[in-house]
Structures are given as C-alpha cells and as structure tokens.
2 protein chains.
Amino acid sequence: MTLAATAAGARALPHPTRAEIRLEGLLHALSDPVRLRIVRELAVDSDALFSCSHFDLPVSKSTTTHHFRVLRESGVIRQTYRGTAKMNGLRRDDLDALFPGLLDALLAAAARQAAVVGSG
Amino acid sequence: MTLAATAAGARALPHPTRAEIRLEGLLHALSDPVRLRIVRELAVDSDALFSCSHFDLPVSKSTTTHHFRVLRESGVIRQTYRGTAKMNGLRRDDLDALFPGLLDALLAAAARQAAVVGSG
DNA sequence: GCCGTAGTTTGACATCCGGCGTACTACGAG
DNA sequence: CTCGTAGTACGCCGGATGTCAAACTACGGC
C-alpha cells in the first residue's frame, strides 16, 4: 500500500455534475481551436471512447493534458482510466438534456467552418 | 475642419466581414457573462438598435466600451454612430447565414440557464 | 523485478483578459 | 461659444491562459 491519496485501481477524476455545468464555461472551453478539434473528433461517435493519445494534436503532451482537463472540468467530456490509458467521451446525454440542440448546432457550425477554411 | 484622421460625421468602426467571422471568436465573445447578457438583451428584438447606455451593466464605462468592442470585432454585433450615441444591433443575418441555428441554440441555452439560476 | 508506454505534475514564461480611473474627443442643446 | 452627455483611449493591475520542458507516477508485459 504505497498510495494514500491516489486511491486504488482507477484513479478518481473530478467531473462537474450536470447541474454544475455552466454555459459560459462550455463556450470558453470550445473557444480554443485545439479543444474544438478534440470535441469534433469525439463527436464522430458519441458513444465511443478515445484515449488521449489517439488524437494527433499540434501541441506537447503536457499541453494536451491541460486541454483535456479544461474540457472535463467544463463538463464537455467524461474521462475514465482504463489501464494506463485515459479514455475520453462526449457528455452528449448531459449536454443535450441541459441545452437541447446546442451541441448539434455547435458541431454543425464547426463542420461548416472547417469546410470553408479547409477547402477554400 | 479640425479632423484629419477622424473623418467627418459618422466615425468609422471596423467590422469583420461575414467571411472573416470565426466560430472560435464568437464562442470566446459569448463566454463572458457580461457580453452574453448584452447579446441576450439585443436578441429581444433583433432588428432594433440599442445605445450602449441603454444597458444597465455591473461594470464601469470603460469596461463597457471594451465589451462592446469585443462583440463587434468578433462579429456578433454591428455598431453605428447616431449623433452622440452608439447604436448596437445583433448581426443576426450574417450569423444565421454562416452558422444556421447556432444563434438560436445559444440564446435558448442562455435563456434556459438563466431560468434555472434565476428562479432556483 | 524491470522496462516501456501513457499520462501527470510542476514550474517557468509570455500573453491575454477583465477590471478600473483618468483624461480626452465628439456631438447636440442652449 | 459653452456646456453636458456619450463614448474612447490610455495606462495600469492582478489573475487566468496556452505553451513548453523536465521530472515524476501508474499500469501492463515480459
């Protein structure tokens, strides 16, 4: 028993409850290009879980950790440990319940902008 | 003719063109409580114009100027001078054309959160 | 046990942000 | 012309943000 604060097995990760999620926090979280990109990739399959390293981001490992934490703490994603990997999934159920249609509108907007920027 | 750089009559205000509006910028602009509140009030009548002093904001005059500028530079609002007053209006036409449904979803989300926070 | 992979933590750094006050400009009313 | 009102510009401050490198922890495989 070498761990007192780290708990056993799956380390604990603090998530806001559904009621604690604030719109301003969501918008701030999504206003960063790296994070918006992560969310768009996660949204490809809302039920799937992707490890942090699954994403090919243009930032360092520690910055990646930071961005995933911002997303988790603002309520956008849910994170769980699975072995040495940390799995990430969209909190679509909570977001849709809190703000119906918002996530879809945001994803559609992001896709639309990516289409223009990417091809134009 | 005391003015060389200030132009005549209506001073000019730089607005991004429709194509220059970026989703990240919009989300950042709306992630501030004061600015979100301004936008919600403007949205009460999307065609109306309100002067800056029409809003009763919990910040100083210079901070108010700052927030309106962020909103204008991110493409959320359109500003025009009318005498000594500066009139503000939502750029609903541009936003709806760029990101259909997004503004409505955001306003609905803000209203929903305000209802919970305000009454609960 | 040992090592490698995955991710965290810490600390540093530059920048941005929201807030303020003060001094200033612009316009309309007398 | 003078004054009051509306808003701007500037400088300042403290705190948050995004970024990195380096050292560390946790787990799975062998």
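Residue numbers start from 1 in every chain, and the chains themselves are labelled A, B, ... in the order their sequence lines are given, proteins ahead of strands.
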For B:Leu36 and C:dG18, give me the distance from atom CG to atom C1', rounded to whole Å. 16 Å
Measure from CD on A:Gln79 to C1' on C:dA6 and round the result to the nearest Å. 13 Å
Please round to the nearest 0.5 Å and tell me the distance separating atom CZ of B:Phe50 and atom CG of B:Leu90. 9.5 Å
Transitively linked via ILVMFWY side-chain contacts under 4.5 Å: A:Tyr81 with A:Met87? no
Could you check how far CD1 of B:Ile77 sits from P of D:dG7, rounded to whole Å? 12 Å
DNA chain C contacts made by residues 39-62 of chain A, counting heavy atoms under 4.0 Å: A:Ser51, A:Cys52, A:Ser53, A:Lys61, A:Ser62
Using OP1 and OP2 only, check whether a side-chain N or O of A:Thr63 sits under 4.0 Å from D:dC20. yes
For A:Arg35, answer base if it contacts any base atom (sugar-phosphate contacts may also be present), sugar-phosphate if it contacts only those atoms, and nothing otherwise; contact means non-hydrogen atoms under 4.0 Å. sugar-phosphate
A:Leu13 has an atom CG; how far is it from atom P of C:dT9, in whole Å? 9 Å
Does one side chain, of A:Thr63 or A:Ser60, offer a donor that lies under 3.5 Å from an acceptor on the other? yes
Option from B:Leu102, B:Asp96, B:Leu103 for which side-chain contact (heavy atoms from CB on, under 4.5 Å) with B:Phe99 holds: B:Leu102
Do any of residues 22-32 of chain A sit with a heavy atom less than 4.0 Å from DNA chain D, and if so which? A:His28, A:Asp32
Would you call B:Asp32 and B:Arg37 a salt bridge, taking side-chain N to carboxylate O under 4.0 Å as the test? no
For A:Arg69, answer base if it contacts any base atom (sugar-phosphate contacts may also be present), sugar-phosphate if it contacts only those atoms, and nothing otherwise; contact means non-hydrogen atoms under 4.0 Å. nothing
Whole angstrom is fine here: how far is it from CD in B:Glu73 over to P in C:dC16? 13 Å
Atom of A:Asp104, atom of A:Arg92 and distance for their closest heavy-atom approach: OD1-NH1, 3.1 Å
Cluster check B:Val76, B:Leu57: I/L/V/M/F/W/Y, side chain < 4.5 angstrom: yes
Select from A:Val70 and A:Arg82 the residue whose nearest nucleotide in DNA chain D is closer to the 5' end of that strand. A:Val70
Mind calculating the distance between OH (A:Tyr81) and C1' (C:dT5) to the nearest angstrom? 14 Å
Without decimals, in angstroms, what is the distance between A:His66 NE2 and D:dA22 C1'? 18 Å
Electrostatic pair B:Asp93-B:Arg18, nearest N-O below 4.0 angstrom: no
Could you tell me how far apart A:His67 (NE2) and D:dT17 (P) are, to the nearest whole angstrom? 12 Å
Are A:Leu49 and A:Ile77 connected into the same hydrophobic cluster when the rule is that any two of I, L, V, M, F, W, Y join if their side-chain heavy atoms are below 4.5 Å apart? no
